[in-house]
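Single-structure report; data block below.
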Number of protein chains: 2
Amino acid sequence: MPPTKVKNAGTAITTPAPAPAGPTGQPRTAGKPRPLTRIQREKHDIILQAALEVFSLHGFRGATIDQIAEVAGMSKPNLLYYFPRKEEIHRRLITRLLATWLAPLQEMDAAGDPFPEIRSYIRRKLEMARDFPRESRLFANEMLQGAPRIIEMIEVDLKNLVDEKAAVLLAWMEQGKIARTDPYHLIFSIWATTQHYADFDVQVRAVLGPGRGGEGRFEDAARYLEQLFLFGLTPRPRP
Amino acid sequence: MPPTKVKNAGTAITTPAPAPAGPTGQPRTAGKPRPLTRIQREKHDIILQAALEVFSLHGFRGATIDQIAEVAGMSKPNLLYYFPRKEEIHRRLITRLLATWLAPLQEMDAAGDPFPEIRSYIRRKLEMARDFPRESRLFANEMLQGAPRIIEMIEVDLKNLVDEKAAVLLAWMEQGKIARTDPYHLIFSIWATTQHYADFDVQVRAVLGPGRGGEGRFEDAARYLEQLFLFGLTPRPRP
DNA sequence: CAGATTTTTGACCAGTTGGAAAAAGGTTAG
DNA sequence: CTAACCTTTTTCCAACTGGTCAAAAATCTG
């Protein structure tokens, strides 16, 4: 009978109450998780959004709790009430992200037609780069640092998924439906070309200039990538 | 008449000597730069190497002078004797890097044959990813943060170079020598696919596994990319 | 070698950082 | 309404941060 949360346990009323513990710590005998309150859910969301903003820009080390708290519109101790450690915020963000990130590849269907499948995989990844650039940058930041906090997820979950889809691609190659090439590097090249538009967005916009760097750039990219992956650069006779 | 470095100006010999200033500061009336000593050149190099290591891993904000000093094998004050500010080290690194980074594209020759030119551009970029991964990551880190310290170099030097080479590519397209497509996004895709092997190295190695993630991965990548950019994924009859 | 210069060191500082503690202020179920 | 809980604020701290400074040590130069 561990004396966690002993309100008035026999002894004196002056029992110092050992563990106040915020909502995420939950060391209340670790038995009843006790459902999150409305405020808790709201604040958790706000904090994670703010943290995404800051972490994706400065990386884990470069981001400060103060910054996150400011973006979240609350005081540092208040933020720490919801997430007792900086690492915890980051871990949650990264874990959630990874699931989102893998989804498009998971959808690539062995039973479908190769080209439409690959084509829509590229489209989906490009849409993610457009709609979730901060997530992409958070991921990139983590990779640049050697993925210290998610390496085993990469080595297990991601690797398994890629192995599976590489087998699918390989089967398509065997059937002569797509060109025979390295399925792993094929997947890498799809990742690289699509995420580039989120991670190197500044560069893309600067190089395209004010004229072509506007919203249309994602449509242009989609068109270009489609052609690249379909035919490469070999000139074809006009249809 | 600002009193910078008044050697013995009339007053007493006990003049407090206003600016000792390290070798890089050079406020000795800013007149004679005085050539760097052997030790200065050596230490500058050592520090820049160490800083590259640390900055490329943690970004500007996440890196500390202490870390850099430790990697460089010297004390923090000693390091600060050579580079009086953290920003200065980073600036030097980034400036030097940008020149190296642009070189391969500069070499792409309008007078050459399109496919060999593009092919060897890809090869060179891939070699850089292999041989200078830290430089690549430093660059990526800067981009992720919105390139605050090099935005105008990107907007001017890089943009001009890309504009020039895009024109070359466009000319090749007009002549029917390569497929008609977007030259800017073509260049982006070459950058993305090659730098991926430096910036996302952990992921690449983890996914390829111990078997194929060894040194051979760059050769495999080169072969794959060559095919991608030449023919895409459309199956071709066996030669 | 001596004197001038350059390099290195150790002590120090003000501001920032992640985080702890406790008390004050709000909510809400009974 | 009120007791129990949840949330927020205030105050504080030790470690770390970028950077200074004077003195000591090493090096170079004539």
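Source: prediction; values computed, not measured. Naming convention: chains lettered A, B, ... in sequence-line order (proteins, then strands); numbering from 1 in each chain.
- Rounded to an integer number of Å, the gap from CD of A:Glu70 to C1' of C:dT17 is 15 Å.
- Closest-nucleotide positions on DNA chain D for A:Arg61 and A:Met74 were compared, and the one nearer the 5' end corresponds to A:Met74.
- The only member of B:Leu208, B:Val207, B:Val202 that meets side chain to side chain contact (heavy atoms under 4.5 Å, CB included) when paired with B:Val204 is B:Leu208.
- Atom NZ in B:Lys86 sits about 14 Å away from atom P in C:dT16, given to the nearest Å.
- Here the side chain of A:Arg137 pairs a donor or acceptor atom with the backbone of A:Ala198 at under 3.5 angstrom.
- As a whole-Å value, the separation of B:Gln40 CD from C:dT6 P is 8 Å.
- At D:dG18, none of the side-chain N or O atoms of B:Arg85 fall inside 4.0 Å of OP1 or OP2 (strictly under the cut-off).
- Looking at heavy-atom distances under 4.0 Å, B:Ala69 makes no contact with the nucleic acid at all.
- In this structure, the nucleotide among C:dA20, C:dG18, D:dT17 sitting nearest to the side chain of B:Thr64 is D:dT17.
- For the pair B:Asn78 CG and D:dA24 P, the computed distance is 18 Å after rounding to whole Å.
- Nearest nucleotide to the side chain of B:Tyr81, out of D:dG18, C:dT17, C:dT8: C:dT8.
- For B:Glu87 and D:dG19, the CD to P distance is 8 Å, given to the nearest whole Å.
- Screening B:His90, B:Arg85, B:Lys86, B:Arg91 against B:Glu88 for a side chain to side chain donor-acceptor pair (under 3.5 Å) leaves a single residue, B:Arg91.
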Give each protein N/O atom lying under 3.5 Å from an N/O atom of nucleotides 27-30 of chain D, with the pair distance.
residue: D:dC28; atom: OP1; partner: B:Arg38; partner atom: NH2; Å: 2.7

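- Of the side-chain N and O atoms in B:Ser75, none sit less than 4.0 angstrom from OP1 or OP2 of C:dT8.
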(request) Mind running side-chain contact (heavy atoms from CB on, under 4.5 Å) on B:Thr194 and B:Met128 for me, showing each step along the way? (result) CA-CA 9 Å; B:Thr194 52; B:Met128 290 186 62; over 6 Å; no
(request) Mind running salt bridge (charged side-chain N to carboxylate O under 4.0 Å, His left out) on B:Asp201 and B:Arg217 for me, showing each step along the way? (result) CA-CA 10 Å; B:Asp201 185 51; B:Arg217 68 189 188 279; 2.8 Å; yes
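- Put simply, OH on B:Tyr82 is 19 Å from C1' on D:dG18, counting in whole angstrom units.
- Ranking D:dT9, C:dG18, C:dT8 by closeness to the A:Asp66 side chain, first place goes to C:dG18.
- In this structure, B:Arg92 is not positioned above the aromatic face of B:Phe83 in the sense of NZ or CZ being under 6.0 Å from the six-membered ring centre and within 45° of the axis.
- The closest side-chain heavy-atom distance from B:Leu225 to A:His185 is not below 4.5 Å.
- Side-chain N/O atoms of A:Arg41 include none lying less than 4.0 angstrom from OP1 or OP2 on D:dT7.
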Detail all sub-3.5 Å separations between protein N/O atoms and N/O atoms belonging to nucleotides 21-26 of chain C.
none

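- Candidate nucleotides D:dT20, D:dT7, C:dG19 were compared by shortest atom distance to the side chain of A:Ile65, and C:dG19 ranks first.
- Within a 6.0 Å radius of CD in B:Glu70, no more than 12 heavy atoms belonging to other residues, nucleotides or ligands are found.
- One N or O donor and one acceptor, one from the side chain of B:Lys76 and one from the base of D:dG18, sit under 3.5 Å apart.
- Look at CD on B:Glu88: it is 11 Å from P on D:dG19, rounded to the nearest Å.
- Atom CD of A:Glu42 and atom C1' of D:dT7 are 13 Å apart (whole Å).
- No side-chain donor-acceptor contact under 3.5 Å links B:Lys125 to the backbone of B:Leu105.
- Environment of CZ in B:Phe218: crowded, with over 12 heavy atoms of neighbouring residues, nucleotides or ligands closer than 6.0 Å.
- Remark: A:Lys43 is in phosphate contact with D:dT8, judged by side-chain N or O atoms under 4.0 Å from OP1 or OP2.
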